[in-house]
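Working notes, structure below.
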Amino acid sequence: MAGKTLFDKIWDKHVVHEVENGPQVLYIDRHFIHEVTSPQAFDGLRKRGIGVFRPAQTVATADHNVPTENQHLPIKDELSRRQVEALISNCKEFGVELYGLGHPWQGIVHVIGPELGITQPGMTIVCGDSHTSTHGAFGSIAFGIGTSEVEQVFATQCVLQKKPKRLKIDINGELKKGVVSKDIILYIISQLTTGGCTGYFVEFTGSTIKSLSMEARMTICNMSIEMGARGGLIAPDETTFEYLRGREFAPKGEEWDKKVAEWQQLKTDEDAAFDKEYHFSAEDIEPMITYGTNPGMGIGIAQNIPMTSNGHTDPALRKALEYMDLKGGTQLLGKKIDYVFIGSCTNSRIEDLRMVADLVKGKRKADHVHAMIIPGSKQVEQQARREGLDKILESAGFELRQPGCSACLGMNEDRVPKGKYCVSTSNRNFEGRQGPGARTMLASPLTAAAAALNGYITDVREMIN
Amino acid sequence: MEKFTTLISTCVPLPYEDIDTDQIIPARFLKATTREGFGDKLFCDWRYDETGKPDPDFVLNQDKYKGSILVAGKNFGCGSSREHAAWAIHDFGFKVVISSFFADIFKNNALNNGLLPVQVTESFLNNIFSILDDDHEAQIKVDLENEEVTLMESNLTENFEINPYKKLCLQKGYDDIDFLLSKLEQVEAFEFSLMKV
Ligand code: SF4
């Protein structure tokens, strides 16, 4: 019999029931929730007169809507406050653990799950948020769901899902100087397009991936949804186990050894077949930046913005360049920018903050640039302070604020004004994502920090030796 | 959930590719705690200018285009998983979205709310767009039972695919939770079997 992929192994183990000619009932090990996509699901339970079936497998936090200053004060925006209050009362009513504002573990849902060791290899994990794919970095099947599906998981700890197809993305070789994991994933999406992996679940493999830290792997899996994939995963290895060891909810003592032995088996068999494969070479990847209004519209920092897409004059490209007020055939290098946002579940972990601090140490941002750093969680914020990163960042003119999704989606007051350019480490450059009329350019924390220092788009390779 | 069988309607064309859920319903409107009322905010940033004035060039503001079928370019509903996007489209009065390709999560969300995503070939989609260009009153028939979509005037027909289970749910107005709740015993047995290994 032919071997199985890691994805198949985990998926098949979690199938409770198969509807004839229909989807499968998939058992969910961990369910993360937040204030924006859960209230209607809780309401649904109330209407049906039922409770949460397995509350101990559900964890809540407040992140999308929260202010990033003065979190100890009541939220000023009334609608946001009401939504956060609804989460508090719903969690209380249904017995769900909440790490809300003021809790030392509060933060962006995809940052806190891994950091607390709740996310573990071999699990099925869902959340009413598309970037749930982040957790796949631990060798788990993690994907975003809609609110009706959140209600399904509340009610039965299962979701009805059609099994996706398998896709392998293999990246080998050594990364060049100034190139980090965000560049890898922006590069891959630029090659495969935003819809290129729809219907597939990706496994990332190859020596480049193996060499990455957990933080860097999370950045990659995080954005696998941006090429349409249901999710992305990476087989667990020593790096994974080392990251998890000793974390709050990671197994301890004998249980730990038993689990690690189990996790070591979690890999794709050598003779397993994928439905599709792509191969990339790390040497081809340069620091990346986006010029358009979807994450697939990315180029190497020194390349020209394309005039056409695949040789066609494409109305979507035209519309995007109009919105961004950029011209095909020109370079972005030297383009003046107004904002820099370092944060979001893609790049707000301690490693990202260290990377930025390292680059800006002893330097000063350009006067006209607003540079915001939003740590992914309370724990990241504390760690940054312990390491003295706050001092370095603040003296470079970066504003270090409190954790939340912030300007990644502009639900709170952290927004980019109309027409302004923002180099952002987040994952979406859609029209209006960071505020109505805001112009977002996605890049790595290094490229974003370099732009903040110079005040214009800069090739970070010129700043490092 | 509402039942769906057959629909004949005029259409609203939105011939752009990669329309993401941030365009369908911008994040700043996701602060509600109920499912209702999102229709007013559908495509808000395309529909209104900063002062809240409707943009006469945008199709939803044009009287000549009306109907319960939204026709959109390839890769519709990509991006954020927010179900609010499906709620907004449905709340506005659409019952069907036709496109040549749908993002996964959006498709599930739509089906869970009685909004039927109909995936057609690129050439059929282009046909619809060009017919709507000439004749904004052109009607389309969506027949769920036979999995057929027909351009009424020209009688051009194409089949579309839908999962048989989802089809039944739509026809009967059932939802997934009712189904899953009926399987709870099996879920418990599954959990028990996990504990033993
Ligand atoms: S940081 Fe942005 S992408 Fe991540 S969960 Fe929050 S809103 Fe979503």
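Proteins come first, then strands; the chains are lettered A, B, ... in the order of their sequence lines, and each starts at number 1.
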Heaviest contributor of heavy-atom pairs below 4.5 Å to chain B, chosen from H131(A), E226(A), Q157(A), E149(A), is E149(A)
Under 6.0 Å from the NZ atom of K418(A), do we count more than 12 heavy atoms belonging to anything else shown? no
Checking heavy atoms, do the side chain of E35(A), its backbone, both or neither come under 4.5 Å from chain B? neither
Nearest heavy atoms of G79(B) and R428(A), plus distance in Å: C-NH2, 3.0 Å
Side chain to side chain contact (heavy atoms under 4.5 Å, CB included) assessment of L30(B) paired with M411(A): CA-CA 8 Å; L30(B) 307 188; M411(A) 270 192 89; 3.8 Å; yes
Between R35(B) and E151(A), does the salt bridge (charged side-chain N to carboxylate O under 4.0 Å, His left out) criterion hold? Intermediate values first, please. CA-CA 13 Å; R35(B) 288 173 187 245; E151(A) 194 181 333; 3.4 Å; yes
In terms of heavy-atom pairs under 4.5 Å with chain A, the winner among D45(B), L168(B), L181(B), T21(B) is L181(B)
Shortest non-hydrogen separation from F190(B) to V15(A) and the atoms involved: CE1-O, 3.8 Å
Any luck finding a side-chain donor-acceptor pair between S148(A) and E83(B) under 3.5 Å? yes
Contact class of D18(B) relative to chain A, heavy atoms under 4.5 angstrom: side chain
Given heavy-atom pairs under 4.5 angstrom as the criterion, report whether the side chain, backbone, both or neither of I50(A) touches chain B. side chain
Any idea which of G410(A), P295(A), G195(A), G296(A) has the most non-hydrogen atom pairs under 4.5 angstrom with chain B? G195(A)
Side chains of E431(A) and W46(B) only: does a donor on one sit below 3.5 Å from an acceptor on the other? yes
Highest number of heavy-atom pairs under 4.5 Å with chain B among S130(A), P39(A), A229(A) belongs to S130(A)
Chain B contact via A155(A) - which portion, at a heavy-atom distance below 4.5 Å: both
Please flag which part of N112(B) lies under 4.5 Å from any non-hydrogen atom of chain A: side chain, backbone, both or neither. both
Look up atom OH in Y27(A) and atom OG in S193(B), then write down how far apart they are to the nearest 0.5 Å. 10.0 Å
Got more than 12 heavy atoms from elsewhere within 6.0 Å of NZ, K74(B)? no
In terms of heavy-atom pairs under 4.5 Å with chain A, the winner among T33(B), N113(B), T34(B) is T33(B)
Between Y165(B) and E20(A): side-chain donor-acceptor atoms closer than 3.5 Å: no
Below 4.5 Å, heavy-atom pairs only: which of N75(B), L180(B), N109(B) has the largest tally toward chain A? L180(B)
With a 4.5 angstrom heavy-atom cut-off, could you sort out which part of Q23(B) is near chain A: side chain, backbone, both or neither? side chain
Would you say the side chain of I105(B) lies within less than 4.5 Å of the side chain of F143(A), judging by non-hydrogen atoms? no
If you count heavy-atom pairs within less than 4.5 Å of chain A, which of P164(B), A189(B), A103(B) leads? P164(B)
Heavy-atom pair count under 4.5 Å with chain B, highest-scoring of T132(A), T194(A), I225(A), V159(A): T194(A)
Nearest 0.5 Å, what's the CG-OG distance between N427(A) and S80(B)? 10.0 Å
Locate the shortest heavy-atom distance separating Q83(A) from A32(B); write the atom from each residue and the value. NE2-O, 3.2 Å
Apply side chain to side chain contact (heavy atoms under 4.5 Å, CB included) to the pair N108(B) and Q161(A), showing each step before the final yes or no. CA-CA 9 Å; N108(B) 277 345; Q161(A) 288 290 306; 3.8 Å; yes
For K31(B) and D77(A): C-alpha separation, side-chain torsions, deciding distance, then whether salt bridge (charged side-chain N to carboxylate O under 4.0 Å, His left out) applies. CA-CA 10 Å; K31(B) 295 182 186 180; D77(A) 180 286; 3.4 Å; yes
So do R48(A) and I177(B) actually touch side chain to side chain, heavy atoms under 4.5 Å? yes
Given the rule in the side chain to side chain contact (heavy atoms under 4.5 Å, CB included) test, do V36(A) and H84(B) qualify, once you have shown the distances and angles that lead to the verdict? CA-CA 10 Å; V36(A) 176; H84(B) 311 68; 4.3 Å; yes
Highest number of heavy-atom pairs under 4.5 Å with chain B among N294(A), L79(A), V150(A), T147(A) belongs to T147(A)
Given a strict heavy-atom distance threshold of 4.5 Å, which part of F179(B) is in contact with chain A: side chain, backbone, both, or neither? side chain
Taking side chain as C-beta onward, heavy atoms only, is R28(B) less than 4.5 Å from P436(A)? yes
Minimum side-chain heavy-atom gap F102(B)-T198(A) below 4.5 Å: no
Is it the case that atom CD in E255(A) sees more than 12 heavy atoms from other parts of the structure closer than 6.0 Å? yes
Would you say K162(A) has more than 12 foreign heavy atoms packed within less than 6.0 Å of its NZ? no
Note: D104(B) and R230(A) closest approach over all heavy atoms is OD2-CD, 3.7 Å
Contacting region of F106(B) [heavy-atom separation from chain A under 4.5 Å]: neither
Yes or no on side chain to side chain contact (heavy atoms under 4.5 Å, CB included) for R54(A) and E191(B), after CA distance, side-chain angles and deciding distance? CA-CA 11 Å; R54(A) 294 290 179 246; E191(B) 287 178 327; 2.7 Å; yes
Between G128(A) and S81(B), the two heavy atoms sitting closest are C-OG, 3.8 Å
Inspect the surroundings of NZ in K163(A) and state if more than 12 heavy atoms from other residues, nucleotides or ligands are less than 6.0 Å away. yes
Heavy-atom pair count under 4.5 Å with chain B, highest-scoring of G228(A), G199(A), G435(A): G199(A)
Atom CG in L160(A), atom NZ in K166(B): separation rounded to 0.5 Å? 6.5 Å
Under 4.5 Å from any heavy atom of chain A - which part of D49(B): neither
Taking atom CD of E188(B) as the centre, report whether more than 12 heavy atoms of other residues, nucleotides or ligands fall under 6.0 Å from it. yes
Considering non-hydrogen atoms only, spot the tightest contact between V16(A) and Q186(B) and give its length. O-NE2, 3.3 Å
